[in-house]
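Encoded as structure tokens, the structure appears first; notes follow it.
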Amino acid sequence: ALLLKIRLQLLIYGQNIQYINPHRSFLFAPDQEESLAQFIDSALADSSALAEEALDSAVLLGNLRGNVVGLRYYTGVVSKNEMVALQREPRNAHDSNAIRVNNINGDQVGHLRRQLAAALAFILDNKLARIEGLVPYKVNNKFTMPVQLSFWAPEAQRAAVLSHLQQHGLNLAPPTQGAGVWRARAGPSYRAPSHQPVHMTAEQLKSEFDKIFEDIKEDNKTAEMEPAPAVRTALLPHQKQALAWMVTRENNWELPPFWELRGGLYHNLLTNFTQSQRPDSVHGGILADDMGLVTIWGARGGGGGGVELNGPSADLEQFEQHMDPGVQLRRCLYYGPNRPRDPDFLSQQHVVLTTYTTLTTEHGVKGVSPLQAVLWLRVVLDEGHTIRNPNTRQTRAALALKAQRRWLLTGTPIQNSLQDLWSLVSFLKLKPFTERQWWHRTIQRPVSLGDEQGLRRLQGLLRNITLRRTKNSQVRGRPVVTLPRRTLCLQHISLCEEERQIYQAIMDEGRSTISRYLREDSMMTHYADVFAILVRLRQLCFHYYLPTNSSPAPPTTPDGTPEELRAKLVRKMKMVLSCGVDEECAICLDSLRLPVITHCAHVFCRLCICQVIQQTNARCPMCRAEVRAGQLVECSPGETDSTPAESTRPAWVSSSKVDALMLSLIEIRRQDPNIKSLVVSQFTAFLSLIEIPLRAEGFSFVRFDGSMSRSRRAKTVSSFQSCSPASPTILLLSLRAGGEGLTLTAASRVFLMDPAWNPAAEDQCFDRCHRLGQTRDVIITKFIVKDSVEENMIKIQHRKRDLAIGAFAAKSHSEVTKARVDEIRTLIDL
DNA sequence: ACCGCCGGGTGCC
DNA sequence: ACCGCCGGGTGCC
């Protein structure tokens with residue numbers, strides 16, 4: 001629906017302004033189907049060494065002076081203090097060691113001198129280090145130019161790099177102080193800059209990041225604009241502001257960020273690249289609006305909602321609701337097997353709606369896809385962060401679209417790290433960031449090294465290209481939207497005597513197992529075991545019924561061959577994950593996406609571990625065992641909802657937590673039967689369990705979880721959101737189901753049955769009902785079992801909130817594993 | 001002179 | 001390249 005809003009405004013705007021051809025708009029609806037292929041075929045676009053992941057932990061080893069030769073044969077020009085790129089040319093007919101030098105524009109400047117290339121080719125080919133070039137000064141010489149080469153590598157590879165260089169008689173000059181960060185105005189030569197970079201603490205970094213989006217005071221973003229008369233829906237002030245801002249952006253002919261005119265030439269302040277051609281202005285940007293989709297519905301007095309789950313056809317329907325029926329719009333859905341594949345037909349439409357899956361499917365197939373063939377007036381990517389991973393086919397397909405104006409709509413432009421931002425910026429065709437290395441050298445690395453200037457650049461960039469509106473945003477001292485109050489209460493639960501005994505028995509057993517692993521320093525190799533213990537304890541806080549078909553796991557005995565043990569652990573991991581529990585990936589530190597289990601029984605996002613595997617001598621980040629792509633085991637949480645069959649289900653027995661929930665629900669119904677509630681758990685099997693007492697008490701409820709089909713989800717949401725008296729009052733919701741788009745504003749009470757690892761996941765869940773369109777005060781109840789693993793999880797959550805910014809600073813794997821071990825100790829009070 | 005030296009031709013990888 | 005390097009021409013003072 002956010003998509004709809006934009007769509008409306010842009011389109012109408014397009015019709016208002018003469019020189020903009022209203023034809024050929026092109027819009028995206030998000031979809032959740034993701035094909036494995038996207039992850040498997042990841043590109044290796046950058047040829048100058050080191051996987052992206054290794055890049056983040058790279059340190060500056062030192063510098064080397066060299067020469068670029070053969071200038072007269074090429075057109076690429078370079079001026080003082082300008083960055084250059086090195087590119088291996090293994091198939092060069094004259095020298096298999098050849099290393100090509102390109103300027104920022106990608107034009108060839110020359111080659112590294114043969115002898116130097118002979119030494120460096122090995123380093124690049126074996127990805128021992130990343131080598132970056134900088135031409136320190138301009139020479140009036142048509143044949144050669146000097147280049148300073150900076151060597152970046154993970155600490156572990158330092159020795160290998162240095163010794164290899166030594167063999168060729170080369171020694172690195174130690175990095176000058178502060179030279180770890182490239183500074184735009186570094187002075188005439190490569191002497192140490194006069195200003196040392198200011199390194200910030202994690203605390204400072206955090207507050208700086210908060211400031212990045214605090215751009216609301218800027219005047220150019222508070223102007224309002226009325227939509228065209230063809231829009232029937234009244235817009236809220238912040239929507240009018242967004243409209244005005246977007247119009248300004250589309251008519252923006254200013255130089256893009258970091259470019260200025262100098263003596264008739266265009267100069268980039270970050271890379272010092274100069275060109276005579278004017279760089280393209282940015283006609284578009286990022287709408288980072290976490291108020292989500294309800295904005296329009298809110299304006300129309302509620303109703304609707306969750307629309308995007310119905311897929312693009314419903315989007316189009318909703319879209320038209322907001323339009324004056326007198327306005328004739330040519331629109332089509334580009335979706336499904338019978339989509340109209342004629343590019344000419346598509347060009348004649350005002351609006352074409354499609355899905356990421358359709359786009360991705362067509363991308364890269366033989367012949368030109370109709371979507372790729374058209375030059376669109378606009379491309380709008382809804383849920384734009386879906387292209388944050390640059391290695392997916394989906395992202396590449398989106399980047400390949402031809403359009404005059406480009407927009408990204410997303411509530412979360414940065415999710416894990418700054419890396420997320422690169423594809424978005426690249427999609428906007430901001431030079432020179434369309435190439436990853438320039439982004440990395442000028443923004444990402446300086447920021448992750450805590451350099452203040454890097455942060456300023458990032459702020460400047462984001463300020464230029466994004467409009468940020470959050471629920472908390474203020475315009476001229478007034479909140480943009482006023483939401484009803486939201487109250488969070490922790491309700492502590494004491495287990496009854498019988499439950500406590502069971503819990504304590506499992507806890508004692510688990511604690512002794514884990515402390516043995518601790519003593520043996522083998523926590524990480526037995527991670528599946530440890531993980532299973534912790535999950536079991538968390539489940540026991542809910543109910544002693546075991547939702548998976550596991551027997552109460554006997555502690556893994558040291559008998560059996562190592563191979564048997566390993567297979568057992570992998571099975572155990574798979575089983576535990578299948579009950580829908582929210583686990584984190586130790587590489588991206590976020591919730592698992594497409595989890596896979598390694599040979600050594602550790603679980604990661606498929607994409608994360610695949611990136612690790614691309615390195616030479618890839619090791620498991622958890623236990624340092626060898627990892628191979630062929631040995632990864634698939635497992636999708638929630639795929640096996642182990643709702644017990646009617647016959648095998650034991651006679652119903654309640655639990656302390658279930659009792660507490662039921663008491664609350666009954667009390668709410670007694671006070672006001674119209675109040676609706678969300679009951680949220682990570683364990684989908686427990687949602688099934690709750691159905692029993694709900695039925696017994698005559699509650700009308702529906703259920704929403706990740707295993708449901710798109711159309712069933714849509715039906716569930718619309719029946720829950722409906723105001724009809726017969727509509728259900730309770731929604732059983734699995735914590736991570738549904739995208740950010742899911743709107744459940746009919747509910748004003750939330751019961752969170754079990755705490756999650758990641759407090760952000762909880763917040764996101766609460767936001768599904770506490771958002772625009774909510775008319776009642778929202779009360780959230782978190783059930784926490786006293787003296788249990790749950791209480792300790794809350795402690796860890798607090799710690800994590802404080803460290804939320806840590807994601808931006810690169811962390812070594814040893815730090816990550818140590819943090820894990822500490823977490824586990826905290827959890828079971830060891 | 002199986003040298004030195006001169007000066008022209010020449011030039012990435 | 002206002003260099004280095006190559007190879008031919010040349011050769012007392």
Side-chain angles (χ1 to χ4, degrees), chain A residues 43-51 55 61-153 157 160-173 182 188-191 268 271-277 432 434-438 440-441 616:
Chain A
L44 272 171
D46 187 354
S47 69
S48 73
L50 244 59
L55 250 176
L61 303 183
N63 301 312
L64 199 62
R65 281 290 297 278
N67 279 300
V68 187
V69 296
L71 304 190
R72 64 168 153 163
Y73 300 100
Y74 309 102
T75 55
V77 288
V78 182
S79 43
K80 184 176 102 172
N81 259 336
E82 189 175 319
M83 296 178 174
V84 289
L86 305 191
Q87 183 187 5
R88 269 288 279 134
E89 276 185 343
R91 297 157 162 279
N92 187 298
H94 305 275
D95 180 4
S96 62
N97 290 325
I99 298 172
R100 194 181 140 154
V101 178
N102 300 328
N103 70 9
I104 277 99
N105 214 22
D107 300 325
Q108 180 163 7
V109 178
H111 283 101
L112 288 190
R113 178 159 275 145
R114 198 186 185 98
Q115 302 93 305
L116 185 58
L120 303 193
F122 177 87
I123 292 177
L124 294 181
D125 293 345
N126 292 290
K127 300 195 188 306
L128 293 180
R130 185 183 167 81
I131 309 178
E132 296 179 347
L134 170 67
V135 174
Y137 52 87
K138 175 99 185 167
V139 281
N140 33 1
N141 174 333
K142 294 190 289 284
F143 309 96
T144 67
M145 65 168 77
V147 62
Q148 175 180 263
L149 302 170
S150 303
F151 289 68
W152 295 82
Q157 308 204 138
V161 174
L162 295 186
S163 85
H164 179 79
L165 288 171
Q166 200 107 57
Q167 282 167 34
H168 287 79
L170 298 169
N171 287 301
L172 292 186
W182 159 248
S189 71
Y190 38 85
R191 257 179 272 131
N268 185 285
T271 58
N272 281 321
F273 180 65
T274 303
Q275 60 182 35
S276 56
Q277 205 192 347
T434 40
E435 213 187 305
R436 179 96 149 254
Q437 61 173 319
W438 308 125
H440 197 269
R441 285 177 69 172
T616 41

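Reminder, nothing fancy here: chain letters follow the sequence lines and each chain counts from 1. Scope of the values below: all heavy atoms of this structure, side chains included, with no hydrogens, waters or symmetry mates.
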Looking only at atom [atom1], what distance separates [N] and [M], rounded to whole Å?
N	M	atom1	answer
C/dC13	B/dC2	C1'	25 Å
C/dC6	C/dG11	P	24 Å
C/dC5	C/dA1	C1'	12 Å

Ignoring backbone atoms, establish whether A/R72 has a side-chain N or O less than 4.0 Å from OP1 or OP2 of B/dG11.
no
Searching all strands shown, indicate the nucleotide that pairs with C/dA1 (Watson-Crick or G-U wobble; both distances under 3.5 Å).
none
A/N92 near the nucleic acid: base, sugar-phosphate alone, or nothing, with a heavy-atom cut-off under 4.0 Å?
base
Which part of the nucleic acid, if any, lies within contact of A/L71, taking any heavy atom under 4.0 Å across all strands shown: a base, the sugar-phosphate backbone alone, or nothing?
nothing
If you take atom types as modelled and just measure distance, does the side chain of A/Y73 reach the base of B/dC13 with a donor-acceptor pair under 3.5 Å?
no
Could you point out which residue of A/I131, A/V68, A/N102 forms a side chain to side chain contact (heavy atoms under 4.5 Å, CB included) with A/L86?
A/I131
Angle class for the A/H111/A/Y74 ring planes (parallel below 30°, perpendicular above 60°, tilted otherwise)?
perpendicular
Can you tabulate the close N/O pairs, meaning under 3.5 Å, that link protein atoms to atoms of nucleotides 3-5 of chain C?
none

Would the number of heavy atoms belonging to other residues, nucleotides or ligands and lying under 6.0 Å from CD of A/Q167 be above 12?
yes
